[in-house]
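In each ligand, atom 1 is the first atom listed, and ligand 1 is the first ligand listed.
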Amino acid sequence: MEREGILVVISGFAGVGKGTIVKGLIAGYDNYALSVSMTTRQPREGEVEGQSYFFVTKEEFEKKIEENGLIEHACYVGNYYGTPRAYVEDMLAKGKDVILEIEIQGARNIKKQYPDAVLIFVCPPSATELKNRLVGRGTETPDVVEKRMRRAVEESEGIFEYDYIVVNDEVDKAIAVTHNIIETMHSAPKRNRAFVTSIQNELEDIAKGE
Ligand code: 5GP
């Protein structure tokens, strides 16, 4: 039985560990493909062009929008972020579950265009824990930490727009829960139309022959 690829949106507050969950999914299972976003933000230490992001100028980003080369884009804390179209469409056609690690405006946009997409929001066990993780990460200035915490307040208002929440308390558990959600989605009849139709046709043939 061939599987249809599912578009999986994973969002969550900065510092919640969604990147670690996504890495765990990619490393642990072979059904996933990770979309690499385009951004105008400066690379952080250790980030690799083409793996972490495609780092581009504002002009290059705007050109990509004009060419309809992004399936969604958003502005987050002063920078543009967007999902390149070609890779997503290609991987879905190959039956892969394509992961987009994007923020809430992008998630809303995706749900409008792809109503069958699954939207997952990763939550910290508590807000205090989130602040501690963000400060402990040490990659952001206090000013950016503050901006990201303020942004988290806004984002928390959108959680009910998501299909599922995953609490990242223990990372291995969070990875397993996320994977189970996606596996369960694959069992929906609407995602297995060809299989269901073939069973129905076969049943009719057998019934007629009796
Ligand atoms: P960061 O700068 O920490 O890498 O990412 C900031 C936020 O932008 C995160 O919430 C991240 O998930 C989101 N993001 C990354 N890529 C995209 C994208 O292509 N589109 C949208 N809408 N958000 C993105």
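Protein heavy atom in closest approach to atom 20 (N) of ligand 1: Glu72 OE2, 2.7 Å. The nearest heavy-atom contact from the protein to atom 23 (N) of ligand 1 is Glu103 N, 3.2 Å. Counting protein heavy atoms only, atom 19 (O) of ligand 1 is closest to Ser37 OG, 2.7 Å. Of all protein heavy atoms, the one lying nearest to atom 12 (O) of ligand 1 is Glu101 O, 3.1 Å.
Here Glu59 does not pair with Lys63 in a salt bridge; the nearest charged N to carboxylate O distance is not below 4.0 Å. With salt bridges taken as basic N to acidic carboxylate O contacts below 4.0 Å, none links Arg150 and Glu154. Residues Glu60 and Lys64 are not paired through a salt bridge, judged by the lack of any N-O separation under 4.0 Å between the basic side chain and the carboxylate. Taking 4.0 Å as the cut-off between side-chain N and carboxylate O, Lys111 and Glu161 do not count as a salt-bridged pair.
Proximity of Gln105 to ligand 1, defined as any heavy-atom pair under 4.0 Å, is not found for any part of the residue. Using a 4.0 Å cut-off between heavy atoms, Glu47 makes no contact with ligand 1 at all.
Atom CD of Gln42 sits in a sparse spot, with 12 or fewer heavy atoms from other residues, nucleotides or ligands closer than 6.0 Å.
Taking CZ of Arg148 as the start and OH of Tyr76 as the end, the distance is 4.5 Å to the nearest 0.5 Å. Note that CG of Leu119 is 11.0 Å distant from OH of Tyr164, once rounded to the nearest 0.5 Å.
Taking any N or O of His73, backbone or side chain, none lies under 3.5 Å from an N or O belonging to ligand 1.
When the heavy-atom distances from atom 15 (C) of ligand 1 to Tyr53, Phe13, Tyr76 are ranked, the shortest goes to Tyr53.
Within the listing of ligand 1, atoms 1 (P), 2 (O), 4 (O) sit less than 4.0 angstrom from a heavy atom of Arg41. Of all atoms in ligand 1, listed by their number and element, those nearer than 4.0 Å to a heavy atom of Gly106 are 22 (N). The ligand atoms of ligand 1 that sit less than 4.0 angstrom from a heavy atom of Ala74 are 22 (N).
Classification of the His179-Tyr29 ring pair by plane angle, with boundaries at 30° and 60°, yields parallel.
Under 3.5 Å, the side chains of His186 and Asp97 contain a donor-acceptor pair of N or O atoms.
For the ligand labelled ligand 1, residue Arg148 lies inside the 4.0 Å heavy-atom shell. Within the 4.0 Å heavy-atom cutoff, Gly82 counts among the residues contacting ligand 1.
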